[in-house]
Amino acid sequence: MADVNLSAKIRSEFGKGAARRLRREEKVPAVIYGHGAEPVHVEMPSYDMMMALKTPNVLINLDVEGKKELVIPKAVQREAIRGFLVHVDLLTVKKGEKVHVEVPIHIEGELAPGQHVLEHGLNSLPVEAEATHIPESVTVSVEGLAAGDSVQAKDIKLPANTSLAVEDDVIVIQVLAPQIEEPADEEAEGEEPAAEAETTEAAAE
């Protein structure tokens, strides 16, 4: 997968006031952790980080004041309404080591003719992959599937050196029949006006 180059500076100020200052400067606070080392608090250019995060599980060559780190994003906090970055957790990795990540699921194909409802059991697939070769997505075909059919985790073809990090029989996608609403009780509906008429007549008396 493609990797990106970013830079970061050591952060020594914390709290809401420091976070607001960073946002004014178009920066985002982040923490680098992993391999048993003490967490390192840094600040990064917010725009560059947002662009990098457009690629799921992006591999980042990070320059922290001259020290090189290879990291992947593990947790991203965004502001609920405007969506700007609030905080990012970065995990240090090494070439050749395996990491647990969640990979987006891409659906392709057409369901069998008829009205069917496609339900997602998982929106992303937990896998174990080599840190420098994490797949950007996995593809699930629903071609010809009808109500009652499903796709389990074990049915998904994975890239080389990638394995499931979830039970084989977990349902990823299933096809359901549409729910049919029962018609209203016509007799019950017909009784309503009669009751109203009786009430009107009583009032007239």
Side-chain angles (χ1 to χ4, degrees), residues 1-6 28 30 34 44 46-62 70-182:
M1 66 183 302
D3 55 356
V4 300
N5 299 311
L6 294 179
V28 60
M44 306 175 63
S46 183
Y47 177 79
D48 293 345
M49 190 72 237
M50 286 186 67
M51 295 303 294
L53 291 173
K54 289 183 178 295
T55 300
N57 301 307
V58 61
L59 188 66
I60 301 173
N61 295 307
L62 191 61
L70 193 61
V71 301
I72 59 174
K74 287 299 290 183
V76 179
Q77 298 177 29
R78 298 179 185 269
E79 198 273 335
I81 298 176
R82 287 171 287 177
F84 60 76
L85 294 177
V86 174
H87 191 273
V88 180
D89 287 354
L90 301 169
L91 176 68
T92 57
V93 296
K94 295 179 180 178
K95 292 183 177 180
E97 77 171 318
K98 296 274 189 172
V99 293
H100 285 80
V101 294
E102 293 200 4
V103 178
I105 295 171
H106 174 67
I107 305 295
E108 69 174 16
E110 296 290 335
L111 295 174
Q115 294 184 342
H116 303 295
V117 177
L118 192 64
E119 182 174 84
H120 292 250
L122 296 175
N123 289 316
S124 57
L125 186 68
V127 300
E128 184 180 64
E130 201 272 311
T132 56
H133 292 86
I134 299 173
E136 292 189 10
S137 65
V138 292
T139 300
V140 175
S141 174
V142 297
E143 185 67 35
L145 297 186
D149 293 335
S150 64
V151 177
Q152 297 181 332
K154 64 183 178 183
D155 300 324
I156 300 176
K157 184 178 180 180
L158 299 176
N161 299 317
T162 301
S163 58
L164 289 175
V166 68
E167 296 296 329
D168 289 353
D169 59 357
V170 168
I171 294 177
V172 178
I173 297 291
Q174 60 182 339
V175 184
L176 306 176
Q179 293 185 351
I180 301 176
E181 295 184 1
E182 295 183 2

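- Scanning both residues, L91 and G34, for their nearest heavy atoms gives CD1-CA, 3.9 Å.
- Remark: E108 CD to E143 CD distance equals 8.5 Å, nearest 0.5 Å.
- Atoms CG and NE2, from N161 and H133 in turn, are 8.0 Å apart once rounded to the nearest 0.5 Å.
- Shortest non-hydrogen contact noted between M50 and R78 is CE-NH1, 4.1 Å.
- Rounding to the nearest 0.5 Å gives a distance of 5.0 Å between CD of E119 and CG of L176.
- Note that the CG atom of L111 and the CD1 atom of I173 stand 9.5 Å from one another [nearest 0.5 Å].
- Proximity of D149 to H116: side-chain heavy atoms (C-beta onward) are nowhere separated by under 4.5 Å.
- At distances below 3.5 Å, at least one donor-acceptor pair connects side-chain atoms of E130 with backbone N or O atoms of G96.
- A donor-acceptor pair under 3.5 Å is absent between the side-chain atoms of N123 and the main chain of I105, judged by distance alone.
- Contact of the L118 side chain with the L145 side chain is not registered, since no non-hydrogen atoms from C-beta on lie closer than 4.5 Å.
- No more than 12 heavy atoms of other residues, nucleotides or ligands sit less than 6.0 Å from atom CD of E167.
- Counting heavy atoms from C-beta outward, L125 and L164 have side chains that approach closer than 4.5 Å.
- Looking only at side-chain heavy atoms (C-beta outward), I156 and V140 come within less than 4.5 Å of each other.
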Test side chain to side chain contact (heavy atoms under 4.5 Å, CB included) on V71 and L6 and set out the steps. CA-CA 10 Å; V71 301; L6 294 179; over 6 Å; no

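- In this structure, T55 OG1 and I60 CD1 are separated by 9.5 Å, a value rounded to the nearest 0.5 Å.
- More than 12 heavy atoms of other residues, nucleotides or ligands lie within 6.0 Å of CZ in F84, so this atom counts as buried by the packing criterion.
- Contact record, P135 with T162: CD-OG1, 4.0 Å, taken as the closest heavy-atom pair.
- Scanning all heavy atoms of the two residues, the minimum distance from A147 to A177 falls at CB-N, 3.7 Å.
- Looking at L70 and T132, their side chains come closer than 4.5 Å, going by heavy atoms from C-beta outward.
- Taking both residues in full, the closest heavy atoms of A165 and H100 are given as CB-CD2, 3.5 Å, listed atom of the first, atom of the second, then distance.
- Taking the side chain as every heavy atom from C-beta outward, L85 and L53 approach each other to under 4.5 Å.
- Formation of a donor-acceptor pair under 3.5 Å by the K94 side chain with backbone atoms of A131 is not found in this model.
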Note to self: Go through it in stages, so that I can follow the logic: the residues are I107 and H120, the test is side chain to side chain contact (heavy atoms under 4.5 Å, CB included), and I'd like the CA-CA distance, side-chain angles, deciding distance and then a yes or no.
What the structure shows: CA-CA 10 Å; I107 305 295; H120 292 250; 3.9 Å; yes

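- Annotation: side chain of M44 is not in contact with side chain of V88 (no heavy-atom distance under 4.5 Å).
- In this structure, the side chains of V175 and V142 stay at 4.5 Å or more apart for every pair of heavy atoms.
- H87 and V28 get closest at one heavy-atom pair: N-CG2, 4.0 Å.
- Between the NZ atom of K98 and the CD1 atom of I134 there is a distance of 10.5 Å, given to the nearest 0.5 Å.
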